[in-house]
Structures are given as structure tokens and as C-alpha cells.
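FYI, the numbering just counts along the sequence from 1.
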Amino acid sequence: MKKVLLGISGGNSFCDDLQMQKYYQSFDIEYVHTDKYWMDWLLWSFENVFDVAKVKMPGVDHAQYSIWKIVFEKYIEKYKNRNIDIVAHSLGTTFILKYLVENEIVIQNLHLIAPFVSDDFQPKDFNESTGTFTFDYSAVHTIADKCKNIFVWYSDNDPVCTERNAIYLHQKLPNSKISVIAEREHFNQSTFWELFEQIKSDI
């Protein structure tokens, strides 16, 4: 039976409607992400090796943890009693960290890309928030026993999630491996070969 590879992409989260309004007031309509997203490329690349699925989270422009949890648990139920690897990006990392802290589940390989742990690690003028995804991040060390391998990936010039998030995770998770990728910003790219090679080596 194949292992399972789940992808959890990011989204936007806010502490209240005022913060959301400020975010979209300052939103640059000229800034458009590539239509080709590495998460799709990665899952497609491994579809002959894993049972792959991109978790289809609703309301990504104003994400709510309780709704994401309902959807995520449908995938967990579908793939119960299977070995699961997870790749999460940005707010997707916040979601899976909160879920792992608060629930009993075992993951084989967990990849956290551009992790967003807490507002405490973000610039004071940051116009987003963990919002309903906020969790007791001092308990993040407890997920070490729920994941066989943990990989933390960050870019040295990420304008969205500061390196403090990644470094904190690595310090609190002694079994984790941390990788810094030069000048990759928030990993809004079409491919991610470093991650591909790591997953391939673990098959």
C-alpha cells in the first residue's frame, strides 16, 4: 500500500475585520503570484509513488481554523491506518502545528515551508495575524513525538514569515532539520527542487 503525501497551502488570516481592511487597502494589485505553484508540481511529481492530495482548504482569503480542521480531518479519516507525510506552506504550517499540538496523530515526515508560528515573531507592522490559528506555541515541542522526521525550510529574504519562526521551531524540536534557501522570498515559485530531492531520498 502506498504512503500518503498531503499538501497544505497557505492563506490569509486576521485578528479582526479592521486588520483585514488595512491589509486589502495596502494590497498591491500589480503583485501577482505565479500561476504555477510548486506545491502542485511537487504532488504531481510523486503521484506514482504516493497517494497524493492537495488539501482543499476553504476561505483562504479569510481563513478560519475551525473550518480548516473539519476539512483536514476528512483526509485523516480517508487515509487512516496509512503512513502519512505532510508538506505545509506558510499559514498551512500554522494550521498543522496547532493541530498537532492539540490532537493525537502520527506523521512520518513533516515539511514546514516558510513557517508562521506566532505574531510574536513577526514585525510589529505586519498586517496579518495567526487569528483563529493562534495556539500555545510554547507547547510546540510536544509534536516531536508525533513526527518521525521534521524538516524546517525558510528563505533568508522572506518578506512574509521572518526567520525567527523557523529558528524557534528548530530550537524547540531537537529532532528537526533546518534548511535555509538563499533569496527565495516566500517560496512563490513554480518548482522546489531542494524539497523534491529530500522527499525522494526518504522514499
Side-chain angles (χ1 to χ4, degrees), residues 1-11 33-57 72 75-76 78-79 82-101 105-117 121 137 140-203:
M1 186 176 293
K2 291 181 181 179
K3 290 178 63 177
V4 176
L5 179 62
L6 298 180
I8 307 175
S9 298
H33 296 320
T34 175
D35 290 332
K36 297 179 179 179
Y37 177 38
W38 62 264
M39 181 82 75
D40 303 304
W41 165 83
L42 184 77
L43 295 174
W44 172 81
S45 296
F46 285 110
E47 66 179 358
N48 291 327
V49 181
F50 295 90
D51 280 336
V52 302
K54 185 177 179 182
V55 181
K56 297 179 181 178
M57 295 301 194
F72 179 70
Y75 288 85
I76 296 302
K78 178 179 179 178
Y79 297 114
R82 303 276 295 276
N83 290 330
I84 297 176
D85 289 359
I86 290 179
V87 175
H89 178 216
S90 194
L91 188 66
T93 69
T94 323
F95 169 80
I96 195 60
L97 289 170
K98 178 179 174 69
Y99 189 86
L100 287 169
V101 165
I105 178 178
V106 176
I107 302 299
Q108 292 293 303
N109 296 297
L110 176 63
H111 294 271
L112 303 168
I113 319 300
F116 182 14
V117 178
F121 304 142
Y137 65 84
V140 78
H141 67 278
T142 62
I143 76 171
D145 295 331
K146 302 176 184 180
C147 305
K148 182 178 178 182
N149 298 299
I150 300 173
F151 301 87
V152 180
W153 304 77
Y154 75 98
S155 170
D156 61 1
N157 67 338
D158 191 333
V160 179
C161 297
T162 70
E163 65 181 22
R164 292 180 62 196
N165 292 277
I167 292 170
Y168 179 86
L169 284 176
H170 183 52
Q171 290 174 340
K172 297 300 180 181
L173 298 168
N175 63 329
S176 67
K177 176 182 177 181
I178 191 167
S179 299
V180 55
I181 311 296
E183 298 183 356
R184 206 67 64 86
E185 296 191 341
H186 197 51
F187 296 95
N188 294 318
Q189 57 197 36
S190 59
T191 60
F192 196 157
W193 285 104
E194 296 89 347
L195 178 56
F196 174 90
E197 292 297 337
Q198 180 62 62
I199 293 175
K200 183 179 178 181
S201 70
D202 291 331
I203 295 174

Checklist entry - How about Ser176 and Leu169: do any of their side-chain heavy atoms sit closer than 4.5 Å? => result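 Side chain of Ser176 against side chain of Leu169, heavy atoms only: no contact under 4.5 Å found.
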Item to check | No-hydrogen, no-angle side-chain donor-acceptor test under 3.5 Å, His89 and Tyr37 | outcome: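 Side-chain D/A pair, His89 to Tyr37: present.
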Next on the checklist: Suppose we screen for side-chain contact (heavy atoms from CB on, under 4.5 Å). Which residues come up paired with Val106, at least two apart in sequence or across chains?
Outcome noted: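 Val106 satisfies side-chain contact (heavy atoms from CB on, under 4.5 Å) with no other residue.
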Checklist entry - Residues two or more places apart in sequence or in another chain: which of them pass side-chain contact (heavy atoms from CB on, under 4.5 Å) with Gln198? => result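 Gln198 satisfies side-chain contact (heavy atoms from CB on, under 4.5 Å) with His111, Phe151, Trp153, Lys177, Ser201, Asp202 only.
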Item to check | Test side-chain hydrogen bond (donor to acceptor under 3.5 Å, both in side chains) applied to Tyr75 - qualifying residues, sequence neighbours left out | outcome: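 Applying side-chain hydrogen bond (donor to acceptor under 3.5 Å, both in side chains) to Tyr75 gives none.
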Checklist entry - With respect to Trp38, which candidate in Phe192, Phe196, Phe187 satisfies the ring pair (Phe, Tyr, Trp, His ring centres under 6.0 Å) definition? => result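 Only match with Trp38 under ring pair (Phe, Tyr, Trp, His ring centres under 6.0 Å): Phe192.
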Item to check | Set of salt bridge (Lys or Arg N to Asp or Glu O under 4.0 Å) partners for Arg164, sequence neighbours left out | outcome: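 Partners of Arg164 under the salt bridge (Lys or Arg N to Asp or Glu O under 4.0 Å) test: none.
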Item to check | With sequence neighbours excluded, residues passing salt bridge (Lys or Arg N to Asp or Glu O under 4.0 Å) with Lys172 | outcome: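 Lys172: no salt bridge (Lys or Arg N to Asp or Glu O under 4.0 Å) contacts found.
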Checklist entry - How far apart are the C-alpha atoms of Ile199 and Asn109, what are their side-chain angles, what is the distance that settles it, and do they pass the side-chain contact (heavy atoms from CB on, under 4.5 Å) test? => result CA-CA 9 Å; Ile199 293 175; Asn109 296 297; over 6 Å; no
Item to check | Check: Ala114 main-chain N/O paired with Ser90 side-chain donor or acceptor under 3.5 Å | outcome: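 No, because the side chain of Ser90 does not come within donor-acceptor range (under 3.5 Å) of the backbone of Ala114.
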Checklist entry - Side chain of Tyr168, backbone of Tyr137: donor and acceptor closer than 3.5 Å? => result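 It does hold such a pair.
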Result block: side-chain N/O donor-acceptor pairs under 3.5 angstrom for residues 42-57, not counting sequence neighbours:
unit_1: Ser45; atom_1: OG; unit_2: Trp41; atom_2: O; d: 2.8
unit_1: Asp51; atom_1: OD2; unit_2: Arg82; atom_2: NH2; d: 2.4
unit_1: Lys54; atom_1: NZ; unit_2: Asp40; atom_2: OD1; d: 3.1

Next on the checklist: Under the side-chain contact (heavy atoms from CB on, under 4.5 Å) test against Ile107, which residue among Leu6, Ile96, Ile84 passes?
Outcome noted: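 Per the side-chain contact (heavy atoms from CB on, under 4.5 Å) rule, the option paired with Ile107 is Ile84, out of Leu6, Ile96, Ile84.
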Next on the checklist: side-chain contact (heavy atoms from CB on, under 4.5 Å), that's the test. Do Ile86 and Phe72 meet it? Break it down for me.
Outcome noted: CA-CA 12 Å; Ile86 290 179; Phe72 179 70; 4.0 Å; yes
